[in-house]
Structure formats: structure tokens, C-alpha cells
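Single-structure report; data block below.
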Number of protein chains: 2
Amino acid sequence: MAQLPTVEDVARVANVSRQTVSNVLNSPEIVKPETRGRVETAIAELGYRPHASARRLRTRQSSTIGIRLDPLVNGISGSVLDRYLHALTERAAERGMRIMLFTADDPDDEIEEFRRLRDGADVDAFIVTATRYADPRIDWLVAEKVPFVAFGRPWGEDLNSPDRLWVDVDGHSGTHQATQHLISRGLTRIGYLGWPEGSGTGDDRRTGWEAAMTERFGLSPAELAGLTTTTEEGVPQARRIVEELFAGDHGLDALVCVSDSLALGAMMAVNEAGQRSFPVIGFDNTPVAQAVGLSSVEQNLGEVAAGTLELLMGATGRRVIPHGEGLQDPRHRLITPKLVVRRSSHLAPVEEAGSTTAGNHNREENQ
Amino acid sequence: MAQLPTVEDVARVANVSRQTVSNVLNSPEIVKPETRGRVETAIAELGYRPHASARRLRTRQSSTIGIRLDPLVNGISGSVLDRYLHALTERAAERGMRIMLFTADDPDDEIEEFRRLRDGADVDAFIVTATRYADPRIDWLVAEKVPFVAFGRPWGEDLNSPDRLWVDVDGHSGTHQATQHLISRGLTRIGYLGWPEGSGTGDDRRTGWEAAMTERFGLSPAELAGLTTTTEEGVPQARRIVEELFAGDHGLDALVCVSDSLALGAMMAVNEAGQRSFPVIGFDNTPVAQAVGLSSVEQNLGEVAAGTLELLMGATGRRVIPHGEGLQDPRHRLITPKLVVRRSSHLAPVEEAGSTTAGNHNREENQ
DNA sequence: TCCGGAAGTTTGATCGATCAAATCGTAAGT
DNA sequence: ACTTACGATTTGATCGATCAAACTTCCGGA
């Protein structure tokens with residue numbers, strides 16, 4: 001088979017030099033229109049396509065972003081990361097970037113992988129997920145000046161640190177919307193089913209519910225605590241604890257939950273208890289929520305992905321901004337999620353309050 | 001910042017030539033052990049890491065596999081591909097390979113992307129999913145002799161075509177196991193809830209149920225047809241049709257379903273009808289099935305991923321076998337799935353037949 | 001007329017690795 | 001002892017692009 005055409009070949013056909021071909025590709029504006037046209041014709045004619053590795057070797061740019069993909073799929077909510085990945089791949093493609101996946105057993109291993117990918121000019125930047133307090137990965141990336149964006153706020157650290165770009169979903173706003181929605185339907189004893197205190201994301205989501213309840217009913221911290229139930233993540237865990245709740249004298253009207261898993265477990269318990277009009281709202285709007293008709297807070301992962309790339313490449317840029325160069329403010333993006341209200345299925349029917357206007361919430365019938 | 005070390009630097013420190021360093025990396029067996037040790041020490045000392053792009057430029061190999069990631073997440077079962085992706089990333093890493101993602105709007109666009117990635121030496125091979133009859137992508141890949149593996153059998157074409165490597169899950173076996181399991185519990189009127197005829201995967205799965213029913217009860221085609229219900233993929237669709245079924249005089253004991261979506265819909269209808277001991281079995285073992293305690297057929301995606309790489313790289317190889325070179329037979333892998341039996345939750349409780357031995361089925365309590 | 005300078009284009013060097021062929025040294029064969 | 005052969009290592013060329021600097025035109029101003 002004939003060799004693939006190179007810049008050299010294109011140059012010969014267009015009767016120009018290598019460099020001019022290169023310029024047509026990389027900075028067309030400096031080439032005289034007439035010449036440019038000739039070169040473009042030659043490119044089309046030969047079916048020329050630049051050799052990415054050669055370009056990378058020279059420019060030390062890869063037009064590729066690395067992200068770790070965990071081996072384990074952590075159940076029902078694992079899909080959030082997958083959906084983010086889909087959105088990211090798509091948005092990245094729009095800017096001529098691609099996504100490369102890798103795995104790692106632990107943070108040290110991940111750093112080792114960062115190093116390999118960076119040194120091999122395989123990727124220009126990383127996206128790190130599941131960040132923790134005093135994360136060694138972040139420290140390494142900052143120290144080595146490798147561009148990166150974290151998906152998830154730096155809980156407990158400086159949210160505005162210039163070194164640390166991040167995107168996240170505003171959990172507070174999500175649960176606030178969910179709670180307000182229930183309030184607008186005339187419900188008052190709205191409980192919160194969350195994770196044990198100490199998780200940044202979980203605590204953030206709880207504050208949204210707290211704020212909405214306090215604004216409307218002026219509850220004291222003690223009263224709020226009385227409406228709060230916590231459990232580890234997991235459908236059976238949630239079902240168990242909500243069953244216990246229903247066994248006692250809870251006096252609740254509805255539940256706002258920190259995740260779809262907990263909401264699903266709660267729904268099952270609600271259903272079990274024969275409570276046919278006890279609304280439950282989840283978080284993440286996973287496929288499961290869609291499937292069973294569970295109202296949930298939708299993280300707009302397309303926006304999250306777009307925000308990620310804006311931080312990495314600027315508003316419209318097509319290459320990663322080197323660390324520390326002309327970074328715009330703010331150095332983060334906090335995406336506001338939207339409540340998706342579903343006419344709940346038989347699993348946990350929600351009575352529609354006749355005249356309720358649902359504001360700007362999404363409303364979705366069972367598709 | 002100091003330049004990254006190159007082979008040249010390592011060579012100087014180890015007092016050997018560039019090529020020897022290269023040999024230590026690529027064919028250690030031809031280097032005298034003593035020399036090798038010296039080189040390895042130098043590598044460690046300098047923290048040298050090969051520059052992937054330079055290597056790629058020279059060798060025209062990228063150690064990367066490309067796979068398209070669809071923008072849309074097709075509901076509940078979309079996660080199968082995601083789980084495959086996780087498994088693939090992990091297995092690929094074990095062999096020093098990485099996964100690169102891309103998107104495409106349609107088959108032609110995907111071919112264009114194949115071309116770009118191939119010409120740019122970005123990837124060594126592709127994995128194609130969601131293949132169709134007379135798929136133009138396959139034709140292109142075969143014509144261009146680009147190594148690839150299809151996830152999914154070439155339905156309606158030559159299963160043993162030498163040009164076409166594929167991996168797939170044995171749907172027949174999965175539904176056969178599911179049906180046998182129900183039979184072993186003493187159930188007899190076991191229905192099948194599937195997709196409309198014409199989908200390769202769907203038809204394959206139905207044959208497993210048909211075979212098991214025929215073996216045990218010697219049913220005629222007409223009788224089998226009487227036990228079969230079909231609908232398009234989707235939870236609400238399934239719920240609707242099973243509700244209709246229950247409204248009439250169906251006489252069924254249980255349902256084997258072609259997917260978890262349909263099974264979930266069926267479960268909801270069953271529950272609605274107050275049938276508390278009507279087993280439903282799904283297919284794919286999605287997180288949803290785990291969450292709601294639905295028995296389902298688990299596709300072992302780790303094995304599928306491993307099979308994919310075996311076809312691409314040989315049993316233990318660390319590089320992609322060029323098209324047509326020493327491909328072993330068979331040119332495909334058909335992975336046998338396993339039934340996961342769950343003690344079903346309140347959504348659709350399954351009575352345990354006291355003394356049933358479940359054979360080699362997996363048995364899983366609600367975690 | 002001559003010079004400065006910008007615009008457009010070309011030339012030579014280079015990125016970091018591997019390939020192919022050459023070289024060196026040593027052990028085996030006759 | 002002399003050739004042959006092989007194992008181990010080195011040398012020069014090369015992959016395909018871009019960078020940096022040089023070169024050529026051409027125009028306007030003194």
C-alpha cells in the first residue's frame with residue numbers, strides 16, 4: 001500500500017514549502033488566501049491528515065485529556081461519572097480534544113500514571129475525580145504544574161485557591177429546590193434522609209434542605225435534627241432505616257434524600273408501609289430514577305463537562321492553557337442542578353396538588 | 001525546569017549507547033544481564049520515562065485502542081457498555097494498553113474519525129459496538145485492514161468470517177439458565193417477555209427460553225408463542241403490557257425477560273396486581289437489578305473485555321496483531337453469562353422453594 | 001534613488017525514540 | 001592457527017511534523 005501522504009507530499013503538489021502547509025493547518029490567517037486555497041486543494045486531493053504523533057513530539061502537546069476510570073462500578077450512582085464521561089467526550093470533541101482513560105489501584109499508583117502520561121506527552125491535562133481532603137494527587141499536580149481540573153470542590157480547603165481549578169454541582173441548590181417544591185405542595189413535615197455527617201457532598205446537600213425548611217418554618221437546629229435520618233449509601237440500608245422510621249411515630253409527610261439509592265430504598269419502604277402519597281425525592285437523576293418514576297435532582301453533566309473544558313482551555317480555546325498562564329477568574333464553576341418532577345409510578349405515587357404551578361421545574365411524564 | 005531525561009541521558013549515565021537503553025526497554029532478553037542492570041539503575045536514578053509520542057512516530061504503534069462513546073445514554077441498559085468500558089480499561093492497562101474515546105454523529109462520521117485516528121497513529125485498533133447488518137464501518141475497517149474487534153455477533157452474516165473478529169455474550173445460555181432455574185423450582189407456565197422479532201440479540205435470548213421449555217415440557221411452537229409477549233424496550237412499555245396481561249386470563253407462573261428494563265416494568269405490574277410470588281428474571285444485571293433485588297443474568301464483562309484483548313493481541317501479547325498476521329482460531333469469543341438469583345425485595349418477592357439446590361447459580365442476598 | 005519594514009514564504013535544525021546495518025569481541029569448528 | 005558464526009553493542013539514518021531564523025518581495029517615506 002502506498003505510504004500515507006505527509007506535509008512534504010502536500011507541499012510538492014501545491015508547489016509550496018513544508019512550512020507553508022503547516023501554516024495553513026495551524027495559523028491559516030498568516031497565509032495569503034490564494035496560496036492557502038492551493039494548499040487546501042492539495043490536502044483534499046491527497047487525503048492528507050496530519051500525523052498526530054509527529055506533531056506531539058515537536059509541540060509537546062497531545063490534544064488529549066486523561067481521566068481515571070475506576071475498575072469498580074459503585075452501584076446505582078456510579079453512573080454519574082459515566083454520564084459525565086459521555087458528556088465530556090462529546091464536548092471535548094467539539095474542541096478537537098480527545099479523552100484517554102487509565103486506571104490506578106491507589107493514589108500513589110495514580111500519580112505514577114500521571115507521570116507516565118505527562119512525560120510521554122500522552123495528555124495535556126488531567127481531570128481528577130473523587131477528591132479527598134489533603135489529596136496527594138492534587139499536591140503532585142500542583143507541584144509539577146500539570147494542568148488539571150477537579151470534579152468536586154476542595155472541601156475543607158480554600159475554594160478560591162489560584163492553583164486549584166474545580167467544577168462541581170451545587171448540591172445545596174438542588175435539595176433546596178426539592179424541598180421548596182414539596183413545601184409549595186403544602187407539605188410541612190419534610191424529612192431529610194442523608195449520609196452520616198463528614199462527607200462534603202452530603203453535608204452540602206443537607207444545607208439546602210435545612211435552608212429551605214428554616215426559611216419557611218423557622219425551625220431550630222434541634223427540630224431540624226429531629227427530621228434528619230442518616231445511613232450509609234445503599235438501597236437496602238435506606239430501606240431498612242426508613243422501615244424502622246415508619247414502624248415508629250415519625251409524623252413525616254415526605255423525604256428529601258441525598259441520593260437516588262437512598263431515595264429508592266426509602267420508596268420501597270414507603271410502598272411497603274402502604275403509604276400511597278408520601279413523596280420521596282432523590283438526587284442525581286440516575287437511569288433508575290427515570291425508570292421507576294422517582295423525582296430527582298438532575299445534575300446537568302453537559303454543563304459540568306463544558307465548565308471543565310472552559311477552565312482548562314478558556315472560553316473557546318482549542319488548546320490547554322499551560323499552568324499559570326492567563327487563567328481567567330473565577331477559577332471554578334458551580335453548576336446549578338434542576339429538579340425533575342415525575343408523576344410517580346405505583347412504586348410511590350405522588351398526589352398532584354391540583355393548582356400547583358411547578359415554577360421552572362422540569363416536569364416529565366413517564367416517557 | 002530541567003529537561004526531561006531522554007535515552008541519551010540514560011545512556012550517558014549507564015555508559016552505554018542509546019540503542020542499548022532502547023533494547024533494555026523493548027527486548028531486555030538480548031541485553032547482557034550485567035549491562036541491563038546498569039541501565040536499569042540509571043533509569044531509576046534519573047526517573048526516565050520513554051516519550052510515547054517519539055516512540056509512536058518511529059514504530060507507528062500507539063498502544064492505544066479506540067472506542068466510540070455515544071453521547072446519549074440509553075437509559076437503564078446503557079450501563080452495560082459503560083461497565084464493559086471499565087473492564088476494558090482495566091484489562092488493557094494490564095497489557096500496557098490504553099483506551100481512547102471519541103464520538104461520532106453517524107456511521108460516516110465514525111469512519112472519518114477512524115481514518116483520522118489511524119492516520120495520526122493515535123490508535124492501533126478499534127472496538128466497534130452496536131453493529132448492524134451490512135455495517136459500513138465494518139466494511140471500511142476490513143477494506144483498510146485496520147485491526148478491530150466487534151462487541152456483538154455479526155447477526156445474519158458469516159459467524160466465522162476470517163476478517164471479522166467478535167466477542168459476544170451467549171444470550172441463549174443466559175435465558176436457558178434463567179428458565180431452568182424457574183423450572184427447578186417447580187414452576188411450569190413460564191412466560192417470555194421480549195422485544196419484537198428481528199433483533200439478533202433479542203431473538204438469541206428468546207431461543208434459550210424456548211429450548212429450556214421445549215426440553216422440559218415438549219411445547220409446540222404454537223404453545224411457545226402463546227407464552228410469549230413482546231414490546232419495545234422501556235420500563236413503562238413493559239409495565240403497560242404486563243398490566244394488560246394480568247388484566248386478562250394469562251395463567252402464567254413467572255416471566256423470563258429479555259432485559260432488566262422490561263423485567264423492572266414487569267415487576268412493577270406484578271406488584272401492582274398484588275401477585276406476591278410471581279418471579280421475574282431480567283437480563284444484564286444492571287445496577288438497577290441489584291438495587292431492587294431483581295434476579296438477572298449477569299454478563300461477565302470482565303471476561304468479555306479479556307476476550308476482546310485476546311482477539312486483538314493474542315493470549316498474552318502486549319501489542320496489537322497486525323491485520324491478517326498469525327491470528328489464532330477461533331476468531332471470536334462467546335462468553336457464557338451467569339444467572340444471579342436474588343431473594344427478591346418487596347417489589348416482587350420470590351418465594352424460596354425450601355429444598356431447592358440452586359446448582360451453580362450465584363446466589364446473592366440483598367447486600 | 002535608497003532604505004526600513006512588514007508580509008509571505010522558505011530553509012535548516014530539532015523533538016526522542018527505533019530501525020537497519022555496521023562493528024567488536026569471543027567462542028566454536030576444522 | 002585461521003576462518004566462521006554468533007552474541008552484544010554501537011552508529012547513522014529516519015519517522016513527520018514544527019520552530020526559529022533567514023530570505024524574498026514589495027511598498028511607502030525621506
Side-chain angles (χ1 to χ4, degrees), chain A residues 2-40 42-43 46-63 116-122 124 318-319, chain B residues 1-40 42-43 46-63 96 116-122 124 318-319:
Chain A
Q3 280 281 58
L4 250 37
T6 71
V7 271
E8 193 76 52
D9 301 312
V10 175
R12 198 174 313 114
V13 171
N15 210 25
V16 296
S17 69
R18 294 190 314 276
Q19 186 60 36
T20 299
V21 177
S22 172
N23 287 337
V24 168
L25 260 41
N26 299 301
S27 4
E29 70 281 1
I30 71 166
V31 180
K32 209 201 296 190
E34 184 204 320
T35 315
R36 193 194 312 166
R38 209 148 24 100
V39 172
E40 280 163 351
I43 288 177
L46 296 175
Y48 166 78
R49 244 165 281 274
H51 193 288
S53 294
R55 168 182 282 167
R56 288 210 261 269
L57 172 58
R58 192 68 247 246
T59 64
R60 307 182 152 279
Q61 292 210 338
S62 65
S63 295
R116 227 192 307 276
L117 289 163
R118 191 267 316 255
D119 290 357
D122 270 308
D124 294 337
R318 293 181 67 84
R319 46 187 58 182
Chain B
M1 190 168 68
Q3 280 281 58
L4 252 35
T6 71
V7 271
E8 194 75 53
D9 301 312
V10 176
R12 198 173 315 115
V13 170
N15 210 25
V16 295
S17 69
R18 293 190 312 279
Q19 186 60 35
T20 299
V21 177
S22 172
N23 288 337
V24 169
L25 260 41
N26 299 302
S27 4
E29 70 281 1
I30 71 166
V31 179
K32 209 201 297 188
E34 184 203 321
T35 315
R36 192 193 314 164
R38 208 148 24 100
V39 172
E40 280 163 351
I43 288 177
L46 295 175
Y48 166 78
R49 243 163 284 273
H51 193 289
S53 294
R55 167 182 285 168
R56 290 210 261 267
L57 172 58
R58 192 68 248 247
T59 63
R60 305 182 153 280
Q61 291 212 337
S62 64
S63 296
R116 226 192 308 277
L117 289 164
R118 191 265 317 254
D119 291 357
D122 270 309
D124 294 337
R318 293 181 67 85
R319 47 187 56 182

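Throughout, a chain's letter reflects where its sequence line sits, starting with A, and its residues are numbered from 1.
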How about Ser62(B) and Asp122(B): does a side-chain donor come under 3.5 Å of a side-chain acceptor?
no

Between C1' of dC19(D) and CZ of Arg56(A), the distance in whole Å
19 Å

For Arg38(B) and dA8(D), what is the distance between atoms CZ and P respectively, to the nearest whole Å?
14 Å

Rounded to whole Å, CD of Gln19(A) lies from C1' of dA22(D) at a distance of 12 Å

Atom CD of residue position Glu34(B) - does it have more than 12 heavy atoms of other residues, nucleotides or ligands inside 6.0 Å?
no

Considering only side-chain heavy atoms of Thr20(A), which listed nucleotide, dT18(D), dT10(C), dG16(D), is closest?
dT10(C)

Counting only side-chain heavy atoms from C-beta out, which of dT18(C), dA17(C), dT9(C) sits nearest to Ile30(A)?
dT9(C)

What about Arg18(B): does its side chain form a donor-acceptor pair under 3.5 Å with the base of dG12(D)?
yes

Any Ser22(A) side-chain N or O less than 4.0 Å from OP1/OP2 of dT18(D):
yes

So Arg36(B), base contact, sugar-phosphate only, or nothing? Heavy-atom distance under 4.0 Å.
nothing

Nearest whole angstrom, please: distance from the P of dA8(D) to the CD of Glu34(B).
12 Å

Using only heavy-atom distances, decide whether a donor-acceptor pair under 3.5 angstrom links the side-chain of Arg58(B) to the base of dT14(D).
yes

Hey, are the side chains of His51(B) and Leu4(B) touching, using non-hydrogen atoms and a 4.5 Å cut-off?
no

In whole Å, I'd like the distance from the CG atom of Asp119(A) to the P atom of dC15(C).
17 Å

Specify the residue among Leu57(B) and Val16(B) whose closest nucleotide of DNA chain D lies further upstream toward the 5′ end.
Val16(B)

Interatomic distance, Arg12(A) CZ vs dA17(D) P [rounded to whole Å]
12 Å

Return the nearest nucleotide to the side chain of Ser17(B); candidates are dA17(D), dT11(D), dT18(C).
dT11(D)

Describe the nucleic acid contact of Thr35(A) in one word from base, sugar-phosphate, nothing, applying a heavy-atom distance below 4.0 Å.
sugar-phosphate

Separation of dC15(D) atom C1' from Gln61(B) atom CD, nearest Å, is 14 Å

Position toward the 5' end of DNA chain D (nearest nucleotide), Thr59(A) or Val31(B)
Val31(B)

Asn23(B) side chain N/O closer than 4.0 Å to the phosphate oxygens (OP1, OP2) of dT9(D)?
no

Does the side chain to side chain contact (heavy atoms under 4.5 Å, CB included) test come out yes or no for Gln61(A) and Arg319(A), once each step is laid out?
CA-CA 8 Å; Gln61(A) 292 210 338; Arg319(A) 46 187 58 182; 3.6 Å; yes

What is the distance, to the nearest angstrom, from the CG atom on Asn15(A) to the P atom on dG8(C)?
19 Å

From dA17(D), dA17(C), dT9(C), nucleotide with atom closest to Tyr48(A) side chain:
dA17(D)

Residues Asn15(A) and Arg38(A): closest non-hydrogen pair is O-NH1, 3.8 Å

